[in-house]
Amino acid sequence: MKVVKFGGSSMADAGQYRKIRDILLADPERKVVVVSAAGKRFKDDHKITDLLYLCHAHTQYGVDCSGIFEMISSRYIQIRNDLGIDLDLETEFAALKQRIDNKELNADEIASRGEYFSAKLMAAFLGFQFFDSADWVKFNFDGSVDQESTYEALQNQVVQGIGAVIPGFYGLMPDGHIRTFSRGGSDITGALAAAALDAEVYENWTDVSGILMADPRLVDNPQAIPEVTYDELRELSYTGASVLHEDAIFPVREKNIPLNIRNTNEPEAPGTMIRERFDGDSDPHRFITGITGKKDFTIISLSKRGMSNQVGVLHRVLTILVRHNISVDYVPNGIDNVSVVLPTESIASKLYTILGEIQQEVEPDTLDVHDQIAIVAAVGRKMAYRPGISGKIFAALGEAGINIRMINQGPDELNIIFGVDNRDFKAAIKVLYNSFVSM
Ligand code: ASP
């Protein structure tokens, strides 16, 4: 059995519902369907979840939200009418509006209704059972998921064999109130359903044909990554854009269930398969899985003669940063020098105070700050077995006239990370992509 989750753009209108039905018909194992609220149909369209939050905000300030509510209800009613489904939504919408106007519902309860109506409609369209997430996803008071009772509730209630449609994004608090995950959280609901039901695979259907090897805003038509491990994915999403909610990984990873990112608009494409490890090598010529990066880092570098023989210099620097509640991303070092690399926005307002404290408490010989630094990471589980990769990376960058400001490699050799000036960021990603991927 496969658990399949469809994101907002896959649920945006009647045409998308039909695509989903075809995807399910193509594989009878696709039995448990988790859905998001309706997303954007076109660039400047609204997401239903955004409108629901907006409705709540209006009523909080005593402003009538009827206009916004009408945009929400009419979207679902239009989908229903276009698909010719026999389902009374009007009564439920009227009751919901009444409760919103009476301020009976909090923001989470209102926001959750997007997924609720999506699932109701999809269940009616497919002839599947509607299974409310308020009846199985159980939160603890601290907002974490009570995994054991959540899994048990789903196992006991989903009738295996008959298809089920489940709304994503929300569950129930111990006091009976609805609570949502953070934005994008329907991915988590799908992962919990897959884990609870020991699915053969968790398919996450979205509007891209998998995780791309590089950001399409930086590289023209980047290829999708066919296979990526959970560890690589973590590296890739730390510095780059992510297609998945990060909390969606844990439940499936723990149960060793593969996660497949697929495209509703291009269902034949295999997408990206994510697993703990891959046996064999489906593409021996490729040793970089993806290239990612982020701009706007600051490097604080200090040197102190004889530092390598002194105990506690680095400790003192890090203690100062801890005192200011700043987390450090990378700590490249030499014999008598060390640098700390951190996002500029985390340190900007406290920079001079921190430099003053380093000067006083560490007494370095030199203390320098470089900002406008971009971090670029080449990620690949196979790099560890290939000598000479960093040499090739740096040669390619050198030929393109890109100056490298910092180099770092994780101990597991899963990535090679380097810093360049912000203005060289795009060129660095392009050079790497062109030298190593589109060979
Ligand atoms: N609808 C929610 C959001 O827009 C959750 C989701 O789609 O995953 O964040």
Side-chain angles (χ1 to χ4, degrees), residues 3-13 16-17 19-20 32-57 68-69 71-73 75-76 79 93 96 100 105-123 130-134 136-137 139 143 145 150 165-173 177-195 202-208 211 237 241-252 259-265 271 274:
V3 170
V4 287
K5 180 257 166 179
F6 292 92
S9 56
S10 306
M11 296 293 297
D13 61 22
Q16 296 298 78
Y17 275 57
K19 286 185 196 169
I20 292 179
V32 175
V33 184
V34 176
V35 295
S36 280
K40 293 185 182 193
R41 293 161 291 186
F42 43 86
K43 190 167 160 280
D44 294 325
D45 198 13
H46 303 286
K47 289 184 178 186
I48 293 296
T49 309
D50 293 340
L51 296 177
L52 288 162
Y53 280 120
L54 203 56
C55 218
H56 175 255
I68 300 166
F69 194 83
M71 290 164 80
I72 299 166
S73 57
R75 179 83 90 83
Y76 286 108
I79 296 176
F93 274 120
L96 175 63
I100 293 176
L105 303 176
N106 65 33
D108 281 19
E109 287 167 316
I110 296 178
S112 72
R113 296 302 85 186
E115 271 67 14
Y116 171 83
F117 283 110
S118 276
K120 277 254 153 151
L121 260 182
M122 185 55 86
F130 166 77
F131 192 63
D132 198 342
S133 289
W136 70 282
V137 177
F139 286 102
V145 173
T150 292
V165 181
I166 297 174
F169 196 36
Y170 68 91
L172 210 64
M173 291 292 276
H177 279 96
I178 281 183
R179 179 187 170 102
T180 62
F181 293 108
S182 57
R183 296 299 303 266
S186 298
D187 286 343
I188 309 172
T189 314
L192 291 169
Y202 170 30
E203 292 180 347
N204 191 296
W205 291 78
T206 170
D207 51 10
V208 284
I211 299 170
S237 38
S242 167
V243 288
L244 257 191
H245 193 297
E246 63 171 348
D247 295 344
I249 305 286
F250 182 73
V252 278
L259 203 167
N260 189 193
I261 309 283
R262 300 288 291 262
N263 188 350
T264 304
N265 306 316
I274 311 165

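Reckoned from all heavy atoms, side chains included, excluding hydrogens, waters and symmetry mates. Read the numbers this way: they start at 1 and go in the same order the structure lists the ligands and their atoms. Fair warning: this is a prediction, and the values are worked out from it, not measured in the lab.
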Arg75 side-chain N/O to Asp13 backbone N/O, donor-acceptor pair under 3.5 Å: no

Pairs satisfying salt bridge (Lys or Arg N to Asp or Glu O under 4.0 Å), at least one member in residues 110-123, at least two apart: Glu92-Lys120

Could you find the nearest protein heavy atom to atom 6 (C) of ligand 1 and give me its residue, atom name and distance? Ser186 OG, 3.3 Å

Could you tell me whether some N/O pair between Thr49 and ligand 1 is separated by less than 3.5 angstrom? yes

Can you list the atoms of ligand 1 that are under 4.0 Å from a heavy atom of Ser36? 6 (C), 7 (O), 8 (O)

Below 3.5 angstrom, do we get any N/O pair linking Lys47 and ligand 1? no

Among protein heavy atoms, which lies nearest atom 4 (O) of ligand 1, and at what distance? Arg183 NH2, 2.9 Å

Is there a polar contact, in the sense of an N or O pair closer than 3.5 Å, between Gly8 and ligand 1? no

Between Glu109 (side chain only) and His177 (backbone N and O only), is there a donor and an acceptor less than 3.5 Å apart? no

Test item, Gly114 contacting ligand 1 (heavy atom, 4.0 angstrom): no

Please check whether Lys5 reaches ligand 1 - meaning an N/O of the residue sits under 3.5 Å from an N/O of the ligand, judged on distance alone. no

Per-atom contacts, ligand 1 versus Glu115 - under 4.0 Å to a heavy atom: 1 (N), 2 (C), 5 (C), 6 (C), 7 (O)

For the backbone of Asp207 and the side chain of Asn265, can you confirm whether one donor and one acceptor N or O come within less than 3.5 Å of each other? no

Measure from the side-chain N and O atoms of Tyr202 to the backbone N and O of Ala195, and report whether any donor-acceptor pair falls under 3.5 Å. no

Using the test side chain to side chain contact (heavy atoms under 4.5 Å, CB included), find all partners of Asp132 that sit at least two apart in sequence or belong to another chain. Tyr116, Phe130, Ala134, Asp135, Pro167, Tyr170

So among Asn260, Asn204, Ile211, which one has a side-chain contact (heavy atoms from CB on, under 4.5 Å) with Ile274? Ile211

